[in-house]
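Here the structure comes first, spelled out in structure tokens, and everything after it is commentary.
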Amino acid sequence: MTGQPFVPSDFVVPTELITPRFRLEPLGPEHNAADYAAWTNSIGHIRATPGFEGSWPPVDGMSTDANLADLQRHAADFAQRRGFTYTVLEAGTDDVIGCVYIYPSRNDEHLTDVRSWVRADRAELDVALYEAVSTWLATFWPFATIDYASR
């Protein structure tokens, strides 16, 4: 990254996206137990998801303490406007069913990398999440070029 801000200083970062089937809110330490349960039961599914293809999560998982540290890092990135990670909560239950990551590209300062996953038992929501997030980004975010693996 160059020293350029990821988003303009006057940009109001959205704190939610609400659809009839799920909603997004900033991911934080308070989601640790539910987030951990969501991805650890779906490792193979997530690693096969476009944008992840074998890169995450670790095949052998990680401890809940390591997951908490990861969530704390994402929350700090959000607070410092370096990147934005959202948990995906199922409508009606608020169960964690996935995650959305919005970060500057490590390879191209003009590109925004977006990735998302859903739990294996909510695989049918992958396309709906992709479509909702794509529209949300195009409508409410200031990014010119986005790299988000299509579904």
Side-chain angles (χ1 to χ4, degrees), residues 1-40 42 45-47 49-53 55-58 62 64-119 122-151:
M1 285 180 34
T2 64
Q4 299 283 45
F6 184 40
V7 293
S9 60
D10 62 346
F11 175 68
V12 178
V13 176
T15 56
E16 65 183 7
L17 168 63
I18 299 173
T19 77
R21 299 173 76 187
F22 54 82
R23 69 182 177 84
L24 275 60
E25 69 178 40
L27 178 68
E30 68 275 16
H31 300 110
N32 190 40
D35 177 76
Y36 184 81
W39 69 260
T40 57
S42 299
H45 174 74
I46 295 168
R47 290 177 66 90
T49 298
F52 289 92
E53 289 100 356
S55 64
W56 188 89
M62 66 173 89
T64 55
D65 288 340
N67 194 66
L68 177 60
D70 198 40
L71 271 57
Q72 290 168 329
R73 179 182 55 82
H74 284 303
D77 287 346
F78 200 108
Q80 296 169 10
R81 301 166 66 91
R82 293 186 306 231
F84 306 98
T85 304
Y86 293 85
T87 189
V88 182
L89 304 170
E90 188 170 43
T93 67
D94 280 347
D95 287 343
V96 171
I97 59 170
C99 208
V100 175
Y101 308 85
I102 305 168
Y103 275 85
S105 171
R106 292 180 178 162
N107 303 317
D108 182 344
E109 67 183 76
H110 304 291
L111 185 64
T112 299
D113 285 333
V114 178
R115 296 187 301 157
S116 64
W117 59 265
V118 294
R119 290 184 341 208
R122 297 298 189 277
E124 76 281 0
L125 293 177
D126 189 48
V127 171
L129 177 62
Y130 170 81
E131 290 173 350
V133 169
S134 294
T135 299
W136 184 55
L137 291 167
T139 305
F140 297 104
W141 289 79
F143 305 126
T145 309
I146 297 170
D147 182 16
Y148 188 8
S150 62
R151 306 305 200 255

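A 4.5 Å side-chain heavy-atom check between Phe78 and Thr85 finds every atom pair outside the cut-off. In this structure, the side chains of Cys99 and Tyr86 stay at 4.5 Å or more apart for every pair of heavy atoms. In this structure the side chain of Glu109 never reaches within 4.5 angstrom of the side chain of Pro104, judged on heavy atoms. Proximity of Val96 to Leu89: side-chain heavy atoms (C-beta onward) are separated by under 4.5 Å at one or more points. Annotation: side chain of His74 is not in contact with side chain of His31 (no heavy-atom distance under 4.5 Å). A heavy-atom distance below 4.5 Å is found between the side chains of Trp39 and Asn67.
To the nearest 0.5 Å, the span separating CH2 on Trp117 from OG1 on Thr49 amounts to 9.0 Å. Considering CD1 of Ile102 and CG of Asp113, their distance stands at 11.0 Å, rounded to 0.5 Å. Rounded to the nearest 0.5 angstrom, Thr145 OG1 and Asp108 CG are separated by 7.5 Å. Rounding to the nearest 0.5 angstrom, the gap separating the CG atom in Asp94 from the CZ atom in Arg23 is 4.5 Å. Of the inter-residue distances, the one linking Leu27 atom CG with Asp35 atom CG reads 5.5 Å to the nearest 0.5 angstrom.
Contact between Ala149 and Tyr130 at its shortest, heavy atoms only, is O-CE1, 3.4 Å. Residue Leu24 comes nearest to Trp136 through the heavy atom pair CD2-CZ3, 4.0 Å, listed as atom of the first residue, atom of the second, then distance. In plain terms, the two heavy atoms of Pro8 and Pro142 that are nearest each other are CD-CG, 3.8 Å. Heavy-atom minimum distance, Ser116 versus Tyr148: OG-OH, 2.7 Å. Summarising the geometry of Ala123 relative to His45, their closest heavy-atom pair is CB-CE1, 3.6 Å, with the distance given to 0.1 Å. Closest approach of Leu68 to Asn32, counting heavy atoms only: N-OD1, 3.2 Å.
A donor-acceptor contact shorter than 3.5 Å links the side chain of Tyr36 to the backbone of Met62. Between the side chain of Glu131 and the backbone N or O of Leu129, no donor-acceptor pair lies under 3.5 Å. Judged by distance alone, with hydrogens and angles left aside, the side-chain atoms of Thr135 form no donor-acceptor pair with the main-chain N or O of Ala132 at under 3.5 Å.
Of the candidates Trp141, Phe11, Phe140, Tyr101, Phe84 forms a ring pair (Phe, Tyr, Trp, His ring centres under 6.0 Å) with just one, namely Trp141.
Residues forming a side chain to side chain contact (heavy atoms under 4.5 Å, CB included) with Ser9 (at least two apart in sequence, or on another chain): none. For Asp147, the salt bridge (charged side-chain N to carboxylate O under 4.0 Å, His left out) test picks out no residue, with sequence neighbours left out. Taking the side chain to side chain donor-acceptor pair (under 3.5 Å) definition, one finds that Asp77 meets it with Arg82, Tyr103, sequence neighbours left out.
Taking the centre and axis of the six-membered ring of Phe6, the NZ or CZ atom of Arg81 falls outside the cone set by 45° and 6.0 Å.
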(message) Using side-chain contact (heavy atoms from CB on, under 4.5 Å), reason through Asp95 and Glu90 one step at a time and then give a plain yes or no.
(response) CA-CA 5 Å; Asp95 287 343; Glu90 188 170 43; 4.0 Å; yes

(request) I would like to know whether Val7 and Phe143 meet side-chain contact (heavy atoms from CB on, under 4.5 Å); could you show each step before the answer? (result) CA-CA 8 Å; Val7 293; Phe143 305 126; 3.8 Å; yes

